**Student:** 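Have a look at this one.
If you're wondering where the values come from, they're calculated on a predicted model, not measured in any experiment. Quick note: residue numbers are just sequence positions, from 1.
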Amino acid sequence: MPHQKYLRQRRTNQATPSYENGVDLIFTFTVFNQLLAAALIKSWEPYGRSALVVNSAPKPFSNDRAEVINFCANDHSIFTRFVIYHSIARKLRKLRSQKKIVSVSAPHPHNLLSNSLILTPGNFSVNIYEDGAGNYCASNVEGRLKEKSKRKRIIGPLVGYRYLDYSGHISGLDERLMDNGYFISPENIYRPERFLKLHRIDLDLPEEDAISGFENAALILDQDIEEVLEEQVADKLRAKMYNLANSLGTTILVKSHPASSKILEYHGYKAEPIILDAKEAAEILALRYRPRYVVSYFSSALKNIKQLLPETQCIEIGTKELDDRFDTHLSEVFRIFDIELA
């Protein structure tokens, strides 16, 4: 059966540590999260503890220094998801009851897997690591995020989890003080007083040679903007994206968002675009192709790519609309990181 295959692969492909010195528990929800998790594991190696990564991103994660549970819900039937969720829940409850967990690290508690461990007091430290631009502005649980949070509170007990509905910043800053925060630019972080200690951390990027021939190309990073903006506003922004991309007069590389509910209208481009792997991190694709331009709506990857490739022209379309609806002040954050506002 599918769930038995999943469990068997996890046992045979990963050496299960004893957790004698405790375990650092890390949750990853996106491919970008995986880059930060790898950096955290590397920085914690001197402490001699084991690491357990529960990865629910669309791309499998592997690390020689950690036990990894790879679980992308969209790859499984409802029944299989139910079984796997319960299996992971049992493992986490056992580790907690045995007091093996030393720390819990996640981008935020807005996920069934991480929620109660972050928001319920325990005998372990709770750490928030960078999820993107939302860590630098007022990215609150409201609108559709709030609706999802209410649904998770209902679904949680059915799959073995207690989900605590919460308000305020998505990373849980309004619910509790965080023991540690790990960010690429901690000096610019939103509400630094909500962390007992802040740490600077660098992305753990694989080394690879750049592909030649794309020096003048434009990399378009799609987003599921319909999830946060009204359809009419989203349609206008997509039209603006096509017009801007076409005005650049160069090769177009397109990376769609793994969670996008919108079928991209590739015919909106004058020339047929090159479609890239949606499951790869945008930062890795930028390093691989080294484009002249990177264009997106309000993707956090714009900030990261600008820091990795200062000569790349990073352009956003849509922070004004996002700010108008949610009062995030994201446009101010992008100005700090030298992102051009279209």
**Student:** Donor-acceptor pair, Arg90 side chain versus Gly160 backbone, under 3.5 Å?
**Tutor:**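 Such a contact is absent between Arg90 side chain and Gly160 backbone.
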
**Student:** Quick one: does any side-chain atom of Asn115 pair with a main-chain N or O of His110 as donor and acceptor, under 3.5 Å?
**Tutor:**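 No.
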
**Student:** Would you say Phe71 and Phe61 are hydrophobically clustered, going by side-chain heavy atoms of ILVMFWY under 4.5 Å?
**Tutor:**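 Yes, one cluster joins them.
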
**Student:** What heavy-atom pair brings Leu330 and Ala133 nearest, and what distance separates the two atoms?
**Tutor:**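 Where Leu330 meets Ala133 most closely, the heavy atoms are CD1-CB, 3.6 Å.
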
**Student:** Can a salt bridge be assigned to the pair Arg238 and Glu226 using a cut-off of 4.0 Å between side-chain N and carboxylate O?
**Tutor:**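 Counted as a salt bridge, because a side-chain N and a carboxylate O are separated by less than 4.0 Å.
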
**Student:** Does Leu309 share a hydrophobic cluster with Leu285, counting links as ILVMFWY side-chain heavy atoms below 4.5 Å and allowing steps through other members?
**Tutor:**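 Leu309 clusters together with Leu285.
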
**Student:** Are a donor atom and an acceptor atom from the side chains of Asn55 and Asn70 found within less than 3.5 Å of each other?
**Tutor:**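 Yes, Asn70 and Asn55 have a side-chain donor paired with an acceptor closer than 3.5 Å.
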
**Student:** Determine yes or no for a side-chain-to-main-chain donor-acceptor pair under 3.5 angstrom, with Arg290 supplying the side chain and Leu287 the backbone.
**Tutor:**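 Yes, the answer is positive, given that a donor and an acceptor are paired below the 3.5 Å cut-off.
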
**Student:** Using a strict 4.0 Å threshold on nitrogen-to-oxygen distance, state whether Arg288 and Glu208 make a salt bridge.
**Tutor:**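 Here Arg288 pairs with Glu208 in a salt bridge, since their nearest N and O are under 4.0 Å apart.
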
**Student:** Is it true that a side-chain atom of Lys306 and a backbone atom of Thr312 form a donor plus acceptor pair closer than 3.5 Å?
**Tutor:**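 Yes, the answer is positive, given that a donor and an acceptor are paired below the 3.5 Å cut-off.
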
**Student:** Test your reading of the model: is there a side-chain donor-acceptor pair from His169 to the backbone of Cys137, 3.5 Å cut-off?
**Tutor:**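 Yes, the answer is positive, given that a donor and an acceptor are paired below the 3.5 Å cut-off.
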
**Student:** With the side chain counted from C-beta on, respond yes when Met178 and Ile118 share a heavy-atom pair under 4.5 Å apart, and no when they do not.
**Tutor:**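 Answer yes - side chains close enough.
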
**Student:** Which distance, rounded to the nearest 0.5 Å, do you find between the CD1 of Ile225 and the CD of Glu231?
**Tutor:**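 Here the rounded value is 10.5 Å.
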
**Student:** Would you say the ring centers of His108 and Phe29 fall short of 6.0 Å from each other?
**Tutor:**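 Distance test on ring centres: under 6.0 Å, yes.
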
**Student:** Val228 and Leu341: same hydrophobic cluster, using ILVMFWY side-chain contacts below 4.5 Å?
**Tutor:**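 As far as the 4.5 Å side-chain criterion goes, Leu341 and Val228 are connected within one cluster.
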
**Student:** Taking CD1 in Ile78 as the centre, count heavy atoms belonging to other residues, nucleotides or ligands within less than 6.0 Å. Is the count above 12?
**Tutor:**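 No.
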
**Student:** Step by step, would you call Phe27 with Asn111 a side chain to side chain contact (heavy atoms under 4.5 Å, CB included)?
**Tutor:** CA-CA 10 Å; Phe27 294 95; Asn111 185 284; 5.8 Å; no

**Student:** Does one hydrophobic cluster hold both Leu196 and Tyr47, with members joined at side-chain heavy-atom distances below 4.5 Å?
**Tutor:**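 Looking at the clustering, Tyr47 is in a separate group from Leu196.
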
**Student:** Give a yes or no on this: more than 12 heavy atoms of other residues, nucleotides or ligands lie within 6.0 Å of atom CD of Glu311.
**Tutor:**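 No.
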
**Student:** Is Tyr19 close to Glu67 at the side-chain level, that is, under 4.5 Å between some pair of heavy atoms?
**Tutor:**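 Yes. Closest side-chain heavy atoms under 4.5 Å.
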
**Student:** Assess whether side chain to side chain contact (heavy atoms under 4.5 Å, CB included) is satisfied between Asn216 and Thr251, documenting all intermediate values.
**Tutor:** CA-CA 7 Å; Asn216 291 313; Thr251 302; over 6 Å; no

**Student:** Considering only heavy atoms from C-beta outward, does the side chain of Ile274 approach that of Phe214 to under 4.5 Å?
**Tutor:**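 They are in side-chain contact.
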
**Student:** Could you check whether any side-chain heavy atom of Tyr129 comes within less than 4.5 Å of a side-chain heavy atom of Pro107, counting everything from C-beta outward?
**Tutor:**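 Counting from C-beta outward, Tyr129 and Pro107 do come under 4.5 Å.
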
**Student:** Only one of Lys150, Lys146, Lys152 forms a salt bridge (charged side-chain N to carboxylate O under 4.0 Å, His left out) with Asp165, so which one is it?
**Tutor:**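 Going through Lys150, Lys146, Lys152 one by one, the salt bridge (charged side-chain N to carboxylate O under 4.0 Å, His left out) with Asp165 is satisfied by Lys146 alone.
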
**Student:** Check whether more than 12 heavy atoms from other residues, nucleotides or ligands sit under 6.0 Å from atom CZ of Arg65, and answer yes or no.
**Tutor:**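 More than 12 heavy atoms, drawn from other residues, nucleotides or ligands, come within 6.0 Å of this atom.
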
**Student:** Are side-chain N/O atoms of Glu332 and Tyr136 paired as donor and acceptor at under 3.5 Å?
**Tutor:**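 No, because no side-chain N or O of Glu332 sits under 3.5 Å from a partner of the opposite role on Tyr136.
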
**Student:** Please work out which of the three classes, parallel, tilted or perpendicular, describes the rings of Tyr85 and Tyr161, given edges at 30° and 60°.
**Tutor:**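 Taking Tyr85 first and then Tyr161, their aromatic rings stand perpendicular (interplane angle over 60°).
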
**Student:** So, Lys255 side chain and Ala278 main chain: donor-acceptor pair closer than 3.5 Å or not?
**Tutor:**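 Looks like yes, one N/O pair under 3.5 Å.
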
**Student:** Using the ring of Phe337 (Phe, Tyr or Trp, six-membered ring only), decide whether Lys303 places NZ or CZ under 6.0 Å from its centre and within 45 degrees of its axis.
**Tutor:**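 Ring-cation test returns yes.
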
**Student:** Dump the intermediate steps for side chain to side chain contact (heavy atoms under 4.5 Å, CB included) on Thr120 and Arg162, then the final yes or no.
**Tutor:** CA-CA 10 Å; Thr120 303; Arg162 181 189 178 198; 4.1 Å; yes

**Student:** Please check if the side chain of Arg200 supplies one atom and the backbone of Ile184 the other of a donor-acceptor pair under 3.5 Å.
**Tutor:**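 Checked: pair present.
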
**Student:** Crowded around Lys42 NZ? As in, over 12 foreign heavy atoms under 6.0 Å?
**Tutor:**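 No, NZ of Lys42 has 12 or fewer neighbouring heavy atoms, counting only those of other groups under 6.0 Å.
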
**Student:** Could you check if a side-chain atom of Trp44 sits within less than 4.5 angstrom of a side-chain atom of Ser105, using non-hydrogen atoms only?
**Tutor:**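 Yes, close enough: below the 4.5 Å cut-off.
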
**Student:** Is Val31 linked to Leu113 within one hydrophobic cluster, defined over Ile, Leu, Val, Met, Phe, Trp and Tyr using a side-chain heavy-atom separation of less than 4.5 Å?
**Tutor:**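 They do not share one cluster, since no chain of ILVMFWY contacts under 4.5 Å joins Val31 to Leu113.
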
**Student:** Check this for me: Asn123, atom CG, are more than 12 non-hydrogen atoms of other residues, nucleotides or ligands nearer than 6.0 Å?
**Tutor:**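 Check passes, neighbour count above 12.
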
**Student:** Does the Asn180 side chain pair with the main chain of Asn127, one donor and one acceptor, at a distance under 3.5 Å?
**Tutor:**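 Absent.
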
**Student:** Can you tell me how far NZ of Lys91 sits from CD1 of Ile69, rounded to the nearest 0.5 angstrom?
**Tutor:**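 So the gap between those two atoms works out to 5.5 Å.
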
**Student:** Using the rule given for side chain to side chain donor-acceptor pair (under 3.5 Å), can you reason through Thr28 versus Asn33, listing the C-alpha separation, both sets of side-chain angles and the distance that settles it, and then say yes or no?
**Tutor:** CA-CA 5 Å; Thr28 56; Asn33 292 166; over 6 Å; no

**Student:** Could you walk me through whether Asp174 and Tyr166 pass side chain to side chain contact (heavy atoms under 4.5 Å, CB included), step by step?
**Tutor:** CA-CA 9 Å; Asp174 295 279; Tyr166 67 104; over 6 Å; no

**Student:** Answer whether the closest heavy-atom distance between the side chains of Leu221 and Ile305 falls below 4.5 Å.
**Tutor:**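 Yes - at least one pair of side-chain heavy atoms lies under 4.5 Å apart.
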
**Student:** Does the Gln223 side chain pair with the main chain of Phe298, one donor and one acceptor, at a distance under 3.5 Å?
**Tutor:**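 A pair under 3.5 Å: yes.
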
**Student:** Does any donor atom in the side chain of Ser185 or Gln307 lie under 3.5 Å from an acceptor atom in the other side chain?
**Tutor:**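 Looking only at side-chain atoms, Gln307 and Ser185 do form a donor-acceptor pair, the distance falling under 3.5 Å.
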
**Student:** Do Leu219 and Leu276 have side-chain heavy atoms sitting under 4.5 Å apart?
**Tutor:**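 Leu219 vs Leu276: side chains touch.
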
**Student:** Crowded around Glu215 CD? As in, over 12 foreign heavy atoms under 6.0 Å?
**Tutor:**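 Yes, the 6.0 Å shell around CD holds more than 12 heavy atoms from other groups.
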
**Student:** I'd like to know if the side chain of Arg194 reaches the main chain of Leu173, judged simply by a donor and an acceptor atom lying under 3.5 Å from each other, with no hydrogens or angles considered.
**Tutor:**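 Yes, because the side chain of Arg194 sits within donor-acceptor range (under 3.5 Å) of the backbone of Leu173.
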
**Student:** With side chain to side chain donor-acceptor pair (under 3.5 Å) as the criterion, how do Asp24 and Ser103 come out once you've worked through the C-alpha distance, each side chain's angles and the decisive distance to 0.1 Å?
**Tutor:** CA-CA 5 Å; Asp24 293 307; Ser103 69; 2.6 Å; yes

**Student:** Could you tell me whether the side chain of Asn304 reaches within less than 4.5 Å of the side chain of Leu35, counting heavy atoms only?
**Tutor:**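 Contact flag for Leu35/Asn304 side chains = no.
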
